[in-house]
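To keep things clear, I will list the structure first and then write my remarks on it.
Along the sequence shown, residues are numbered consecutively beginning with 1.
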Amino acid sequence: MNKIILIILMTFLGFSAQAQTKKNKNLKYTTEVNGNCEQCKKRIEKAAFSVPGVKTANWDVSSHQLTVILNEEKSSTEDLNKAIAKVGHDTKDVKAAEADYDNLHTCCKYVRE
(Lines give C-alpha, C1' and ligand atoms only; values in the text may rest on other atoms or scores of the structure.)
Protein backbone atom coordinates (compact mmCIF):
# COMPACT_ATOMS: atom_id res chain seq x y z
CA MET A 1 0.00 0.00 0.00
CA ASN A 2 2.84 2.39 0.85
CA LYS A 3 4.48 1.68 -2.52
CA ILE A 4 1.30 2.56 -4.39
CA ILE A 5 0.95 5.85 -2.53
CA LEU A 6 4.63 6.61 -3.18
CA ILE A 7 4.25 5.88 -6.92
CA ILE A 8 1.15 8.08 -7.16
CA LEU A 9 2.91 10.89 -5.27
CA MET A 10 6.01 10.70 -7.50
CA THR A 11 3.84 10.73 -10.64
CA PHE A 12 1.91 13.76 -9.42
CA LEU A 13 5.11 15.65 -8.58
CA GLY A 14 6.60 14.80 -11.99
CA PHE A 15 3.60 16.18 -13.85
CA SER A 16 3.41 19.34 -11.75
CA ALA A 17 7.10 20.05 -12.33
CA GLN A 18 6.62 19.77 -16.09
CA ALA A 19 3.61 22.07 -16.04
CA GLN A 20 5.70 24.87 -14.55
CA THR A 21 8.20 25.15 -17.39
CA LYS A 22 7.68 28.47 -19.13
CA LYS A 23 8.85 29.35 -22.59
CA ASN A 24 10.25 32.86 -22.92
CA LYS A 25 8.92 34.48 -26.11
CA ASN A 26 10.08 37.97 -25.16
CA LEU A 27 12.62 39.70 -27.37
CA LYS A 28 14.76 42.69 -26.43
CA TYR A 29 14.90 44.82 -29.58
CA THR A 30 16.84 48.03 -30.16
CA THR A 31 16.58 50.25 -33.23
CA GLU A 32 17.37 53.80 -34.25
CA VAL A 33 14.40 56.19 -34.47
CA ASN A 34 14.76 59.78 -35.68
CA GLY A 35 13.41 62.55 -33.46
CA ASN A 36 14.51 65.64 -31.55
CA CYS A 37 12.80 66.30 -28.24
CA GLU A 38 10.76 65.10 -25.28
CA GLN A 39 7.58 65.53 -27.31
CA CYS A 40 9.04 63.07 -29.84
CA LYS A 41 9.91 60.70 -26.98
CA LYS A 42 6.29 60.64 -25.78
CA ARG A 43 4.96 60.11 -29.31
CA ILE A 44 7.44 57.33 -30.16
CA GLU A 45 6.89 55.46 -26.89
CA LYS A 46 3.10 55.80 -27.20
CA ALA A 47 3.28 54.36 -30.73
CA ALA A 48 5.43 51.49 -29.47
CA PHE A 49 2.99 50.68 -26.66
CA SER A 50 0.13 50.63 -29.18
CA VAL A 51 1.63 47.47 -30.70
CA PRO A 52 0.27 44.28 -29.08
CA GLY A 53 2.88 42.46 -27.02
CA VAL A 54 5.10 45.45 -26.20
CA LYS A 55 5.95 45.25 -22.51
CA THR A 56 8.45 48.12 -22.22
CA ALA A 57 9.52 50.93 -24.53
CA ASN A 58 12.16 53.58 -23.92
CA TRP A 59 13.48 56.06 -26.50
CA ASP A 60 16.67 57.95 -25.62
CA VAL A 61 16.64 61.53 -26.92
CA SER A 62 20.42 61.90 -27.20
CA SER A 63 21.27 58.55 -28.85
CA HIS A 64 17.98 58.14 -30.80
CA GLN A 65 17.86 54.49 -29.70
CA LEU A 66 14.52 52.83 -28.98
CA THR A 67 14.75 49.80 -26.71
CA VAL A 68 11.68 47.56 -26.52
CA ILE A 69 10.79 44.25 -24.90
CA LEU A 70 8.35 42.57 -27.26
CA ASN A 71 6.38 39.32 -27.07
CA GLU A 72 7.08 37.69 -30.45
CA GLU A 73 3.88 35.62 -30.28
CA LYS A 74 1.72 38.75 -30.41
CA SER A 75 3.55 40.93 -32.96
CA SER A 76 6.83 41.41 -34.81
CA THR A 77 9.55 44.03 -35.01
CA GLU A 78 8.16 44.95 -38.43
CA ASP A 79 4.80 45.81 -36.81
CA LEU A 80 6.64 47.99 -34.31
CA ASN A 81 8.59 49.85 -37.01
CA LYS A 82 5.41 50.46 -39.03
CA ALA A 83 3.57 51.86 -35.98
CA ILE A 84 6.40 54.30 -35.28
CA ALA A 85 6.60 55.36 -38.93
CA LYS A 86 2.83 55.94 -38.90
CA VAL A 87 3.26 58.70 -36.29
CA GLY A 88 5.88 60.43 -38.45
CA HIS A 89 9.23 59.09 -37.25
CA ASP A 90 11.68 57.27 -39.52
CA THR A 91 13.19 54.07 -38.16
CA LYS A 92 16.25 52.27 -39.38
CA ASP A 93 14.04 49.87 -41.39
CA VAL A 94 10.86 51.83 -42.24
CA LYS A 95 10.56 55.43 -43.46
CA ALA A 96 7.53 57.50 -42.48
CA ALA A 97 5.18 58.66 -45.21
CA GLU A 98 5.66 62.30 -46.22
CA ALA A 99 2.15 63.18 -44.99
CA ASP A 100 2.85 61.63 -41.56
CA TYR A 101 6.17 63.49 -41.30
CA ASP A 102 4.47 66.78 -42.29
CA ASN A 103 2.00 66.35 -39.39
CA LEU A 104 4.84 66.61 -36.83
CA HIS A 105 5.21 69.76 -34.76
CA THR A 106 7.89 72.12 -36.12
CA CYS A 107 10.32 71.38 -33.26
CA CYS A 108 9.97 67.66 -33.95
CA LYS A 109 10.94 67.82 -37.63
CA TYR A 110 14.34 66.20 -37.98
CA VAL A 111 16.63 66.17 -41.02
CA ARG A 112 15.53 63.28 -43.22
CA GLU A 113 18.00 61.21 -45.17
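- Within the structure, salt bridge (charged side-chain N to carboxylate O under 4.0 Å, His left out) contacts touching residues 94-105 (residues at least two apart or in different chains) are E98-R112.
- Residues E32 and T91 form no side-chain contact, since every pair of their non-hydrogen atoms from C-beta on lies 4.5 Å or further apart.
- Residues N58 and K41 bring a donor and an acceptor atom of their side chains to less than 3.5 Å of each other.
- Hydrophobic clustering keeps L80 apart from I69 (ILVMFWY residues linked when any side-chain heavy atoms are closer than 4.5 Å, directly or through intermediates).
- The closest side-chain heavy-atom distance from K55 to N26 is below 4.5 Å.
- Using a 4.5 Å heavy-atom threshold, the side chains of L27 and T77 count as touching.
- The aromatic rings of Y110 and Y101 sit perpendicular to each other, their planes meeting at more than 60°, with 30° as the lower class boundary.
- For S75, the side chain to side chain contact (heavy atoms under 4.5 Å, CB included) criterion is met by V51, L70, D79, not counting sequence neighbours.
- In terms of heavy atoms, D90 sits closest to A96 at OD1-N, 2.7 Å.
- The heavy-atom pair separating W59 from N36 by the smallest distance is CH2-N, 4.0 Å.
- Under the 4.5 Å side-chain criterion, counting only non-hydrogen atoms from C-beta, T56 is not in contact with V68.
- For the pair N34 and H64, the minimum side-chain heavy-atom distance is below 4.5 Å.
- Closest non-hydrogen pair, G35 versus H89, comes out as CA-ND1, 4.0 Å.
- C107 contributes atom SG, which lies 10.5 Å from atom CD of E38 (distance to the nearest 0.5 angstrom).
- Two residues are said to be in side-chain contact when any heavy atoms from C-beta on lie closer than 4.5 Å; I44 and L66 meet this criterion.
- Here the shortest heavy-atom pairing between A57 and A48 reads CB-CB, 3.7 Å.
- In this structure, K82 places its NZ atom where only 12 or fewer heavy-atom neighbours from other residues, nucleotides or ligands lie under 6.0 Å away.
- C108 and C37 get closest at one heavy-atom pair: SG-SG, 3.6 Å.
- In terms of heavy atoms, D93 sits closest to Y29 at OD2-OH, 3.5 Å.
- The side-chain heavy atoms of L104 and K109, taken from C-beta on, include a pair separated by under 4.5 Å.
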